[in-house]
Structures are given as structure tokens and as C-alpha cells.
Amino acid sequence: MATLQSLAFSPPCSHSHQPRFALGMTFVHQKPRSTFSGQPLYLPRLHISSCTQTRKTPSRLTIMMVKPSIQFIQGTDEQTVPDVRLTKSRDGTNGMAIFNFSQPSVFDSSQEVGDITGFYMIDEEGVLQSVDVNAKFVNGKPAGIEAKYIMRNPREWDRFMRFMERYANANGLAFVKK
């Protein structure tokens, strides 16, 4: 365990071949001494890969599938499925998505978890985020949230649409063109 921790905190790769020190530990290759009277035991030398060393085994690409989710407090998924309106400019260079949440679950858990810090849309490609979040109150009680996400170029529009396709498939939403 100490070896794994010290390797995780070792300095970044460099082209020098000097010994590395991590967490005040020094790694020395020694033959272990044993009272066992059979064949001697030899441990393989500890190799720390360098930046220029190539791997002889084929690397495998690991893709982790993440359930698309929306969060207002990082780490806490919003359970309420929103109504979403999309607008796009005539030339297609920018657009806006407006999310309306009626009675979102974040109001139930905000006292336990923390404050609303933004609007986060999470999927396997990463996180799309916005700080344009407004709460709606009725008779002094929170009733809903409206969040806006602005897309300033076609690349951001395409990325948002990929998120929405995954989110719609996971939550049973359908696209209706008006």
C-alpha cells in the first residue's frame, strides 16, 4: 500500500535517470533474507515508467458510461425532469436552452447538502455548466427553477444536442418542434 501511495505522489516524468524520492521514502532493490531452506526468493526490480518508455503490451481504451444527469449542487443529481425550450439564431451560429423545473428535488436536499452553485449537465463526454439559474417562489416558498444555457458557436450547439439526446433517452423525453 505504501508503494502505491508513494507512486501516486511521485514527481512528474523527467528525462533524468536519477533515483526518485516520494513522501520521504527511498526505494532500494534488495534480496530478501528468509529462514526458508528451499530455493532463494528474488523480487523483480521496481520500474517506474518514464515519459520516453514505450509499453510492450497493447493498451486498452476504457470507456466509462455515465448516466446523463443534471445537478444544481455538485454530486447531487436532480430527480425532477425539466421542460426544455430551445432557440437558435437564423444563421445557426448560436442558441439558448431554457430549462424549467417544477418542484425540483434540490429544494428538499439543499439544507442537508449545501447551496445551489450552478447548473451542471453531466454525461460521458464531460460537464456543461451555467451560472444563469433563477429560483421561482410562490407565497414565499420555492416552486421552481429556471436555468439557461447559452451556446455561442455551432460546436457548443452540437455538444449540447449530444447531451440532450442522451438525457432524453435516459429520462423518456421527446422532441416536439413548434
Can you list, pair by pair, the side-chain donor-acceptor contacts under 3.5 Å of residues 130-139, counting residues two or more places apart and other chains?
unit_1	atom_1	unit_2	atom_2	d
S130	OG	D132	N	3.1
S130	OG	K148	O	2.6

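Partners of R152 under the side chain to side chain donor-acceptor pair (under 3.5 Å) rule, at least two apart in sequence or in another chain, do not exist in this structure. For T93, the side chain to side chain donor-acceptor pair (under 3.5 Å) criterion is met by D91, not counting sequence neighbours. In this view, Y120 and T117 satisfy the side chain to side chain donor-acceptor pair (under 3.5 Å) rule, not counting sequence neighbours. Under the rule for a ring pair (Phe, Tyr, Trp, His ring centres under 6.0 Å), the partners of F72 that lie at least two apart in sequence or sit in another chain are F101, F119. Every residue meeting the side chain to side chain contact (heavy atoms under 4.5 Å, CB included) condition with N153, not counting sequence neighbours, appears here in chain and number order: R155, E156.
Between Q79 atom CD and I70 atom CD1 the span is 11.0 Å, to the nearest 0.5 Å. The CD1 atom of I145 lies 10.5 Å from the CG atom of N100; values are rounded to the nearest 0.5 Å. To the nearest 0.5 Å, atom CD1 of residue I122 and atom CG of residue L128 are 9.5 Å apart. The line from CD of Q71 to OG1 of T76 is 6.5 Å long, rounded to the nearest 0.5 Å. Atom CD of residue Q74 and atom CD1 of residue I116 lie 13.0 Å apart, to the nearest 0.5 angstrom. Between the CE atom in M151 and the CG atom in N94 there is a gap of 8.5 Å [rounded to 0.5 Å].
Closest heavy-atom contact between P104 and A143: CD-O, 4.2 Å. Closest of all the heavy-atom pairs between Y167 and P82 is OH-CD, 3.5 Å. Between T80 and S102, the closest heavy-atom pair is CG2-O, 3.4 Å.
Partner of Y149 under the side-chain contact (heavy atoms from CB on, under 4.5 Å) criterion, chosen from Q129, M121, M96: M121.
Using cut-offs of 30° and 60° on the angle between ring planes, the pair W157 and F160 is tilted.
A donor-acceptor pair under 3.5 Å links the side-chain atoms of D123 to the main chain of E125, judged by distance alone.
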Steps toward side-chain contact (heavy atoms from CB on, under 4.5 Å) verdict (V84, I98):
CA-CA 6 Å; V84 184; I98 302 167; over 6 Å; no

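Judged by distance alone, the side chains of E78 and S105 do bring a donor and an acceptor atom under 3.5 Å apart.
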